Amino acid sequence: SAPQVIAMDGPAASGKSSVAREVAAKLGWIYVNTGNMYRAATWAVVESGTNPEDEAAVLAVVQGTDFQCTVEGGRSVIRVNGADVELQLNSESVNRGVSYVAKIPQVREILVAMQRDVGHTHPSVMEGRDIGTVVFPDALVKFYIDASEEVRAKRRGLQGHADSVGERDRIDSTRKVAPLTAAADAVVVDSSEMTLAQVVARIMELLHERG
Ligand code: C5P
């Protein structure tokens, strides 16, 4: 039977995090933010003084770091060598480095294993870039949340970091392994002209239609 996973992929600042969080809360499922896992790896890299663009050095740091994913308060929490670093994951240096770290296949293998572990043990709404295509190709339902470039720039600006989004999307979409793309069987929702509440309502409607 299909894993109890709803996949939610899309570009940066498409609104998918807020949507995934709300849908998970409505269903009573776990909210899993896989971007935070790539951010945690990047935080460890930056913290060690390593250049995120130095692939061999990055891999050495990541392989020498202990990442742990637990489920707390209805969501996944990622720890780095035992420490909760969540509050440091949206720094400018992490924003700038994360797409370089995330394009290394061996880094992805480590984090994808954690993602599959959570998804197989908890009914999850999992958001990221490759959940429907790679992590859970057999997910119950797949959504791809999109928004125009203009709207996304504005949404990211509201969150206080407008800059590296375009560059991240470029690297994420063109990498060799697990590039950002909608799965062939994903339901694409363009949220450009929709409020968060409208997107959530639409998704709940689609989920009910599918039983
Ligand atoms: O979702 P968020 O914008 O926080 O993700 C940060 C970065 O992590 C993305 O720009 C991408 O490089 C990487 N990522 C990924 N695969 C995922 C989730 C995030 O490569 N499933």
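Since the model is a prediction, treat every value here as computed from it, not as a measurement. Residue numbers start at 1 and run along the sequence shown. One-based numbering, in listed order, for ligands and for the atoms of each.
Less than 4.0 angstrom separates some heavy atom of Val98 from each of these atoms of ligand 1: 7 (C), 8 (O). Within ligand 1, the atoms closer than 4.0 Å to a non-hydrogen atom of Ser99 are 10 (O), 12 (O), numbered from 1 in the order shown.
For Lys16 (side chain) and Pro11 (main-chain N/O), a donor-acceptor pair under 3.5 Å exists by modelled atom type. A donor-acceptor pair under 3.5 Å links the side-chain atoms of Ser191 to the main chain of Asp146, judged by distance alone.
With atom 21 (N) of ligand 1 as the reference point, the heavy atom nearest to it among Val94, Val112, Asp130 is part of Asp130. Proximity annotation for atom 20 (O) of ligand 1: of Arg108, Met126, Gln115, Arg108 comes nearest, heavy atoms only.
Of the protein's non-hydrogen atoms, Asp172 OD2, 3.2 Å is the one closest to atom 11 (C) of ligand 1. Of the protein's non-hydrogen atoms, the one nearest atom 13 (C) of ligand 1 is Ala102 CB, 3.7 Å. With respect to atom 18 (C) of ligand 1, the closest heavy atom belonging to the protein is Thr34 OG1, 3.3 Å. Of all protein heavy atoms, the one lying nearest to atom 14 (N) of ligand 1 is Tyr38 CD1, 3.6 Å.
At a heavy-atom distance under 4.0 Å, no atom of Glu167 approaches ligand 1. At a 4.0 Å heavy-atom cut-off, ligand 1 touches Arg39 through the side chain alone.
Taking every heavy atom of both residues into account, Leu140 and Pro3 meet most closely at CG-O, 3.5 Å. When all heavy atoms of Val80 and Ala40 are compared, the closest pair comes out as CG2-CB, 3.8 Å.
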Could you pull out all donor-acceptor pairs under 3.5 Å where a side-chain atom in residues 199-211 meets a protein atom, sequence neighbours excluded?
from	atom 1	to	atom 2	distance (Å)
Arg202	NH1	Glu205	OE2	2.5
His208	ND1	Met204	O	3.0

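An N or O contact shorter than 3.5 Å links Arg168 to ligand 1 by distance. The shortest N or O to N or O distance between Arg129 and ligand 1 is under 3.5 Å.
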Verify side-chain contact (heavy atoms from CB on, under 4.5 Å) between Ile145 and Asp9, making sure each step is shown before the conclusion.
CA-CA 6 Å; Ile145 313 289; Asp9 293 302; over 6 Å; no

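Residues Val85 and Phe67 share a hydrophobic cluster, clusters being chains of Ile/Leu/Val/Met/Phe/Trp/Tyr side chains in contact below 4.5 Å.
Within the structure, the closest approach of Lys103 to ligand 1 does not fall below 4.0 Å when heavy atoms are considered.
Inspection of the Glu127 and Ser17 side chains reveals an N or O donor paired with an N or O acceptor under 3.5 Å.
Around CD of Gln106, the count of heavy atoms belonging to other residues, nucleotides or ligands within 6.0 Å exceeds 12.
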